[in-house]
Amino acid sequence: LSDRLTSVLQNLRSKGRLTDADIDSTAREIRIALLEADVALPVVRAFIAQIKERAKGAEVSAALNPAQQVVKIVNEELISILGGETRRLNFAKHPPTVIMLAGLQGSGKTTLAGKLARWLREQSHAPLLVACDLQRPNAVTQLQVVGERAGVPVYAPEPGNGVGDPVDVARRAIEEAKRAQHDVVIVDTAGRLGVDEELMKQAADIRDAVQPDETLFVVDAMIGQDAVTTAEAFRDGVGFSGVVLTKLDGDARGGAALSVRHVTGQPIMFASNGEKLEDFDAFHPDRMASRILGMGDVLSLIESATKVFDEQQAQEAAEKLTAGQLTLEDFLEQMLAVRKMGPIGNLLGMLPGGAQMKEAAANIDDKHLDRLQAIIRGMTPAERADPKIINASRRARIATGSGVRVAEVNDLVNRFFEARKMMQQMAGRFGFGGGGGGMS
Ligand code: GDP
Ligand code: MG
């Protein structure tokens, strides 16, 4: 894929503008990348449509070619969708906070229960783990092992009482938590291999019994295309307030993340990336976006191209300023740049005299700026490059040509000379090597 994309990038290099054809050809590559990452097809379609819309309205970047620009937009959009509303766990006003875990069998709920418990304990909480998976013979023991590793107690039905009722266990666990002053209760539930009505009913009954503050949908990142139907089933059957993506240590590209997010709109809160309890992290949208796109090399190329371009622009501006070669054209450009707070604007802020320039620009409204632009456009190239030659008769001609009063032309020219003088003085004082006015 990388090779193919690189060739698209080369074909498009040095064209200045984002055309529909540019967008379409890059969108095709993006579509393949997303499908390869196992993003569900309807989600891919919706996402591509969204991207095309955004790319069409995009400002043309001088640092990137069109294909790179589209990829940049895609990456930003992915990060924003995946990150949308990353948020912390909701804690209850009146403890205990109840966190219920739901998801298919093998998705990693029990493992996650241990990870969450350990993580919360490290933050000085006193969690209680609750074994509500009474379906599988070893499920309770598994949670007890995990609890022991996490150093967190486990509430489980008494052994030898036959198969208990998970709803009953959940209810009694909350009482126990209150009695023993646990401020967080983590409820591990049963899962099936596929979506199953009985399972959903049980999960919904447990939910009604414990009234969770958070219900986390635990989903295996390797689930691929099935992510959509599974997420929809849990959304409708139990409902959830957040998503945890597991098994990110595997080689799945993680398209499930985008699918689940797209279908349910719920935030992805945590990432599980291994079997050990410490293999657990907050979810990072930027890393996930890059993983889904699978264009790490292209993304870093884009990043460095943008950076190099910014640096070049800044460098050129700095050289002109300190060499006293500032022209009226630069002056106008910089006013515009400062207003946009672009790279030159930031640079100006740091340069001696730049602060004044920033202030000057801040006092200029758009209409005024248009007039300044008109005045400067009304000058000959020679006048713009060397404003010293702008004498009285030239001023009168410029004023008439650009439809302003002579006083406005005077004002602009004076302001320009002031700015230039100030910058040269400051540059000299701060040792910017401004002395060599002979620099090209
Ligand atoms: P549950 O059925 O939803 O409770 O899932 P489990 O917690 O029992 O996990 C099922 C299997 O997946 C176990 O063998 C876990 O060790 C493994 N597992 C869980 N989370 C991860 C993970 O993030 N990475 C890896 N590699 N394995 C995991
Ligand atoms: Mg389990």
Side-chain angles (χ1 to χ4, degrees), residues 38 99-120 127-150 152 154-157 163-167 169-170 173 185-196 198-200 202-204 206-207 210 212 214-224 226-227 230-231 233-234 237-238 240 242-257 260 268-284 287-288 291-292:
D38 259 340
I99 302 171
M100 173 172 157
L101 308 181
L104 293 181
Q105 180 176 318
S107 60
K109 293 181 296 299
T110 304
T111 310
L112 175 71
K115 291 177 177 183
L116 265 179
R118 176 181 179 275
W119 182 75
L120 286 164
L128 176 68
L129 284 162
V130 184
C132 285
D133 179 359
L134 310 180
Q135 223 78 36
R136 277 198 291 181
N138 285 325
V140 175
T141 328
Q142 189 196 351
L143 189 68
Q144 279 163 337
V145 170
V146 160
E148 199 161 309
R149 278 198 211 131
V152 170
V154 175
Y155 187 90
V163 179
D165 171 18
V167 179
V169 172
V185 177
I186 301 167
V187 183
D188 184 26
T189 66
R192 299 285 158 83
L193 286 173
V195 172
D196 168 300
E198 198 189 327
L199 155 88
M200 284 299 174
Q202 185 184 88
I206 295 174
R207 174 201 66 201
V210 302
E214 292 277 11
T215 303
L216 301 181
F217 172 52
V218 182
V219 59
D220 183 335
M222 323 243 275
I223 191 172
D226 284 341
T230 310
F234 275 90
V238 197
F240 53 85
V243 178
V244 181
L245 221 54
T246 64
K247 310 195 187 178
L248 280 169
D249 50 318
D251 54 11
R253 290 258 302 274
V260 172
I268 303 170
M269 298 177 69
F270 299 104
S272 227
N273 50 11
E275 297 193 66
K276 294 201 291 293
L277 292 189
E278 58 270 27
D279 299 332
F280 174 70
D281 199 356
F283 178 72
H284 295 286
R287 288 183 212 165
M288 198 65 209
R291 180 169 175 157
I292 290 176

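A quick note: this is a predicted structure, and the numbers were derived from the prediction, not measured. Each ligand, and each atom within it, is numbered from 1 in the order the structure gives. All residue numbers refer to positions in the sequence shown, counting from 1.
The aromatic rings of Phe240 and Phe217 lie parallel to each other, with less than 30° between the two planes, well short of the 60° mark.
The tally of protein N/O/S atoms under 2.8 Å from the Mg ion (ligand 2) stands at 1.
Annotation: ligand 1 has protein neighbours Leu104, Gln105, Gly106, Ser107, Gly108, Lys109, Thr110, Thr111, Lys115, Arg136, Gln142, Lys247, Asp249, Ser272, Asn273, Gly274, Glu275, each with a heavy atom less than 4.0 angstrom from the ligand.
A donor-acceptor contact shorter than 3.5 Å links the side chain of Arg291 to the backbone of Ala252. With hydrogens and angles ignored, the 3.5 Å screen pairs no side-chain donor or acceptor of Thr246 with any backbone N or O of Ser272. Under a 3.5 Å cut-off, the side chain of Asp226 and the backbone N or O of Ile223 do not form any donor-acceptor pair. Checking side-chain atoms of Thr189 against main-chain N and O of Leu101 turns up a donor-acceptor pair under 3.5 Å. Lys247 places no side-chain N or O within 3.5 Å of a backbone atom of Val219 that could act as its donor or acceptor partner.
Across all their heavy atoms, Gly108 and Val218 have their closest contact at C-CG1, 4.0 Å. Listed here is the closest heavy atom pair of Leu245 and Ala257: CD2-CB, 3.5 Å. Shown here for Gly237 and Ala204, the closest heavy-atom pair between the two residues is O-CB, 3.8 Å.
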